[in-house]
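Below is one structure, written out as structure tokens, with a few remarks after it.
Values below: all heavy atoms of this structure, side chains included; hydrogens, waters and symmetry mates excluded.
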Amino acid sequence: MNDRNTYSPDSIESAWQQRWEADGVYRSKVDWSKPKHYALTMLPYPSGDLHIGHWFAMTPSDARARFMRMRGYNVLFPMGFDAFGLPAENAAVQRGIHPAEWTYKNIERMRGQLRSMGAMFDWEREMVSCDPIYYKWTQWFFKLFYENGLAYRGEAMVNWSDALQTVLANEQVIDGKDERLGQPVIQKLMTQWFFKYTRYSDEMLDFDSIDWPEPVRIMQTNWIGRSEGAYVTFKTEAGDPLEVFTTRPDTLWGATFMVLAPEHPLVPKLTSDAQRAAVESYMADAARKTELERQADDGAKTGVFTGGYAINPVSGERIPVWIADYVLINYGTGGIMAVGAHDTRDFAFARAHGLPVRMVIQPENFPLLTDADLHEPILEAGRMVNSGAFDGTLSNGEKGRKNPAIAAVIDHLVALGVGKEAVNYRLRDWLISRQRYWGSPIPAVHRADGTIEMLPDGQLPVELPQDVKMGGVGNPLKNHAGFYHTTDSTGQPALRETDTMDTFMCSSWYHLRYLSPKYDGAPFDPEEAAYWLPVDTYTGGTEHATMHLLYTRWFNKALRDLGVFDRARQIAEAHGRDTAGVFDEPMRQLRNQGQILGGQRIGNFIVATGHIDNGKMFANRIEVVPALDDVPAGAYAGELMKRTENLLTLHGTDGQTYTVELVEGGEVIIPNIPGPNTVNQLKHHLEVERMSKSRGNVVNPDDLVREYGADTVRAYMMFAFDWSKGGPWDNQQIQGVVRWLNDVWDIAHTADLPEVGDPAAERQAERKLHQIIARITKSFELFSFNTAVAALMEGRNALKTPIREGKIGRAAFRELMSILLRLMAPVTPHIAEELWTTVLGMPYSVHQQDWPAYDEAKAAEDIVPLVIMVNGRVRGKVEVAAGISEADAIAEAMKDEWVVKSLNGGTPKKVIFIDGKEPKVNVVV
RNA sequence: GGGGGAGUGGCGGAAUUGGCAGACGCGCAUGACUUAGGAUCAUGUCUCUCACGAGGUAAGGGUUCAAGUCCCUUCUUCCCCA
């Protein structure tokens with residue numbers, strides 16, 4: 001046995017990787033004679049190490065790109081790095097290393113790890129978003145948008161830390177305090193850069209031309225949040241106009257109060273002297289809350305009466321005006337008319353503050369209730385009541401003008417000059433400013449007279465200065481005199497813009513830079529774009545459904561309208577390609593993979609104290625401790641496995657699982673986070689989480705590759721999970737993949753093949769392999785990678801025994817192996833190449849071969865089982881010739897013992913024949 | 001609070017349009033390989049039943065010749081967003 005050639009991945013994998021690279025096997029070049037396929041997978045952030053989640057996302061995408069290539073497409077499958085962002089700055093602060101140095105070191109390391117996957121990435125097309133040759137064009141796009149009215153300056157709330165004199169990202173704020181010093185963070189209005197995201201709202205709601213998953217389309221649709229309705233202008237008692245947007249103008253007569261955002265400009269004027277103290281105190285509280293906290297619905301809505309009143313423009317009724325922080329100033333008009341009887345939130349607010357409600361829509365067969373009798377809002381369709389001349393008008397539950405009541409009221413508002421029909425969007429403009437160092441600078445200067453000037457193209461890129469001090473107080477770019485103080489185009493002193501761009505800006509166009517990463521005449525070479533665009537298949541996680549994927553669609557539409565694709569379009573048309581709609585969307589097909597979750601996190605423990613009831617701990621104190629040394633008697637202690645709402649699951653040192661519920665008002669103590677915490681806070685620190693470096697909960701793919709080889713890890717990633725779902729990591733069944741590849745290796749090395757085999761066995765093996773060609777092809781088309789690998793294993797099963805028994809002859813063996821190895825090539829590229837080229841001596845490279853042709857005749861079965869059912873239950877099976885006729889099948893079934901017995905001499909009520917590869921007869925008695 | 005998924009053996013998971021539930025694996029059991037076995041091979045492995053058979057896809061109800069798949073109610077759970 002020792003002299004047998006055993007499969008050892010290390011001895012072949014890196015050698016093949018080097019050879020493929022040297023031979024340029026995966027170089028993708030424009031070739032108008034072939035159909036193209038641009039396969040794109042979301043690029044990684046260079047956090048330091050590739051984790052198993054990257055393998056899970058990328059290796060199936062790679063396998064599919066390889067499959068497309070074997071099917072005759074010219075495939076582009078590039079890779080790069082989304083390299084700007086906060087973690088690099090954090091590393092700089094914590095370790096005193098420059099963000100650029102940290103980032104490039106990580107990139108270097110991750111390139112090596114990515115190569116170890118054996119993916120078909122074309123490395124000559126790599127892009128790095130923090131490289132000046134990349135961000136030069138990010139800046140160029142910014143300028144283009146600015147010059148065409150798509151970029152503007154506006155005000156927005158930021159998290160401001162007085163102690164650090166800087167703006168913080170949401171994730172740097174924990175429970176209202178900054179994560180570095182634990183000092184308070186407040187909300188502050190600042191002037192910042194925006195893109196006119198809402199410009200394409202309606203177009204982005206149209207998904208007809210793209211094949212994207214339904215959940216993503218729904219999420220984007222909700223995110224954009226188009227609502228049809230009307231603007232209605234109320235008046236304050238002082239006569240100031242007070243405009244609100246409503247989707248329900250048909251309920252205008254039921255508006256019994258109004259609610260404004262605390263920041264609304266009319267609030268000071270509306271506020272009565274009696275209410276002034278309460279209003280001002282409420283406004284101060286609101287300023288301390290983040291937008292997220294303000295919107296969080298805790299049931300009891302807070303709010304304060306201003307003491308002022310407004311006049312309802314249709315009824316003339318005088319109604320009170322309140323302020324509440326759930327109404328946001330930068331949303332809609334910053335105020336709402338409240339109809340408690342027909343809106344859930346307004347109803348809750350009215351009941352919480354003792355405000356009146358009035359029913360103005362009466363559903364059919366429903367009583368007309370008074371304020372006191374209304375126990376919940378009425379959301380159904382009905383007829384208008386209590387609405388003057390409009391009583392009886394049908395409100396059919398539709399939105400906008402399709403609703404007769406809404407249409408009638410809008411017409412009335414227009415006639416009175418107090419309102420107009422309007423469409424409102426939940427979507428707000430894209431705030432792209434970041435008050436951070438590690439991002440692309442904005443190529444603008446502020447002149448002394450307050451005007452803004454963009455730098456000429458020749459001066460791009462504005463490079464980030466290298467000699468900055470990170471981690472101090474204030475903005476490093478403002479503190480850098482040489483960067484901050486500059487001159488304008490006329491040589492006058494000016495201040496450079498110190499905001500940098502949101503990294504979503506960088507990732508909105510990276511798929512274009514892959515086309516020609518070194519090209520200097522434009523963001524991309526139009527010759528390349530003409531051939532490759534758009535992206536045909538984009539793969540990545542659902543977490544990007546509403547942010548990145550919507551930004552990149554917006555970006556693409558803006559570029560299209562600004563003529564950036566014009567040259568590419570001309571070139572494509574010159575090659576006879578139909579370009580209708582081609583440049584409207586960046587990615588034609590999108591598919592999402594799920595997430596690989598980590599196992600238990602090691603190193604953090606919890607001690608919970610309280611009372612135990614029925615085995616469950618109701619804790620009034622939960623403490624995070626470094627070790628379980630001194631556990632008080634009666635406490636539950638262990639590692640945190642899981643958290644849902646306020647329920648924790650602990651894994652005790654005794655192996656038991658404990659359930660802990662935090663009681664109302666119970667305290668949570670986490671050493672790193674001072675002050676009172678909630679169970680939610682534990683999430684940041686302990687929970688079973690997404691695998692990512694920052695959470696310190698990592699299965700290292702390098703170790704797996706060292707132990708099993710890249711092919712095994714690739715195949716396992718594809719085999720062990722439903723790709724669209726993901727799941728908790730577990731390497732239990734990797735052994736099955738190891739056995740499979742060992743078997744294939746041994747099969748390929750079979751030494752003593754007979755010259756002539758057993759024809760029946762050969763035919764059976766051929767049939768099976770042709771069946772799996774069809775199944776694997778289908779699986780790849782559907783991104784169903786686990787069934788593809790399962791079918792490949794069946795291929796092994798079909799060959800293993802007959803070959804060992806000497807029933808497969810030399811010629812048949814070669815043919816069968818040629819099919820199996822080509823089918824395996826996308827999944828396990830190294831072993832497939834080794835066996836194909838070196839062991840069997842077929843023409844290099846297996847990756848440049850055609851996908852095996854499916855022959856239906858070869859796949860066909862001669863004999864199939866006929867399933868005989870009585871009343872839908874299987875009662876018998878007989879072997880019949882494939883393609884049996886309905887009459888013959890029924891005749892066969894009628895002979896069946898069960899059928900005869902069940903009929904008991906009578907005739908069947910009904911006989912159903914189901915044709916197909918496996919025919920069935922159902923006899924109903 | 002809003003939105004989107006998902007519930008199938010001990011485990012991961014299969015199952016176009018409704019058409020033999022449990023493919024392919026893991027694990028486990030028994031046996032073989034003259035010792036051992038984290039190797040390999042063979043057989044078995046949804047549950048109950050000696051068996052004939054019966055039941056079974058979170059729970060309950062419905063449609064159908066036929067339901068994991070369609071409809072209604074309930075429960076559990078994950079993710080995203082605010």
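- Of the C1' atoms belonging to B/rG68 and B/rG13, the separation is 14 Å, rounded to the nearest Å.
- Shown here, B/rC46 forms a base pair with B/rG55; the pair counts as Watson-Crick or G-U wobble because both key distances fall under 3.5 Å.
- The side chain of A/Val874 lies closest to B/rC20, out of B/rC20, B/rA39, B/rC24.
- Inspection of the A/Asp722 and A/Ser724 side chains reveals an N or O donor paired with an N or O acceptor under 3.5 Å.
- Within the shown strands, nothing qualifies as a pairing partner of B/rU69 under the Watson-Crick or G-U definition with both distances less than 3.5 Å.
- Counting non-hydrogen atoms under 4.0 angstrom, A/Gly726 reaches the backbone sugars and phosphates but no base.
- On the P atoms, B/rC65 is 23 Å away from B/rG60, given to the nearest whole Å.
- Counting non-hydrogen atoms under 4.0 angstrom, A/Arg217 reaches nothing in the nucleic acid.
- At a cut-off of 3.5 angstrom, the base of B/rC20 holds at least one donor-acceptor pair with the side chain of A/Lys877.
- Atom pair A/Phe913:CZ and B/rC20:P shows a separation of 14 Å (rounding to whole Å applied).
- Both A/Asn922 and A/Val867 lie near RNA chain B, and the one whose nearest nucleotide falls closer to the 5' end is A/Val867.
- Ion pairing of A/Lys800 with A/Asp746 is absent here, as no side-chain N (NZ or NE/NH1/NH2) approaches a carboxylate O to less than 4.0 Å.
- Atoms CG (A/Leu550) and P (B/rC81) sit 13 Å apart, rounded to a whole Å.
- B/rG38 and B/rG4 are spaced 43 Å apart, taking the C1' atom of each and rounding to whole Å.
- Distance check on atom C1': B/rG2 versus B/rC11 gives 35 Å, rounded to whole Å.
- Here A/Trp740 lies out of heavy-atom contact (under 4.0 Å) with every strand.
- In this structure, A/Ile776 atom CD1 and B/rC24 atom C1' are separated by 12 Å, rounded to whole Å.
- Taking every heavy atom of both residues into account, A/Val789 and A/Val827 meet most closely at CG2-CG1, 4.2 Å.
- B/rU17 is unpaired under the criterion used here, namely a Watson-Crick or G-U wobble arrangement in which both key atom distances are under 3.5 Å.
- At the heavy-atom level, A/Ile912 lies under 4.0 Å from base atoms of the strands shown.
- Inspection of the A/Gln764 and A/Arg767 side chains reveals an N or O donor paired with an N or O acceptor under 3.5 Å.
- Nucleotides B/rA36 and B/rA14 are separated by 38 Å at their C1' atoms, to the nearest Å.
- Nucleotides B/rA54 and B/rU49 are separated by 8 Å at their C1' atoms, to the nearest Å.
- Between the C1' atom of B/rU64 and the NZ atom of A/Lys909 lies a distance of 13 Å, rounded to the nearest Å.
- For B/rU34, there is no paired nucleotide, since no Watson-Crick or G-U wobble pair has both relevant distances below 3.5 Å.
- Rounded to whole angstrom, the span from the CG atom of A/Leu820 across to the C1' atom of B/rC24 amounts to 15 Å.
- Closest to the side chain of A/Lys800, from the set B/rC20, B/rC81, B/rC41, is B/rC41.
- The base-pairing partner of B/rU8, taking Watson-Crick or G-U wobble contacts with both distances under 3.5 Å, does not exist among the strands shown.
- In this structure, A/Arg714 fails the cation-pi test against A/Trp55, since its NZ or CZ atom is not both closer than 6.0 Å to the six-membered ring centre and inside 45 degrees of the ring normal.
- A distance of about 42 Å separates the P atoms of B/rC52 and B/rU73, rounded to the whole Å.
- Between A/Glu805 atom CD and B/rA42 atom P there is a gap of 9 Å when expressed in whole angstrom units.
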Task: Worked check of side-chain contact (heavy atoms from CB on, under 4.5 Å) between A/His51 and A/Trp729 - done: CA-CA 12 Å; A/His51 54 78; A/Trp729 172 261; over 6 Å; no
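- Here, B/rG62 and B/rG56 have their P atoms 13 Å apart, quoted to the whole Å.
- Proximity note for A/Arg426 (side chain, C-beta onward) versus B/rG19, B/rA82, B/rU40: the nearest is B/rA82.
- Looking at heavy-atom distances under 4.0 Å, A/Arg775 makes no contact with the nucleic acid at all.
- Atom-to-atom, CH2 of A/Trp723 to P of B/rG12 comes out at 21 Å; the value is rounded to the nearest Å.
- Take the nearest nucleotide of RNA chain B for A/Asn786 and for A/Leu782: the residue whose nucleotide is more 5' is A/Asn786.
- The shortest non-hydrogen separation linking A/Leu769 to A/Leu816 is CD1-O, 3.3 Å.
- For B/rG25, the O4'-C1' to base torsion is more than 90° from 0; the nucleotide is therefore anti.
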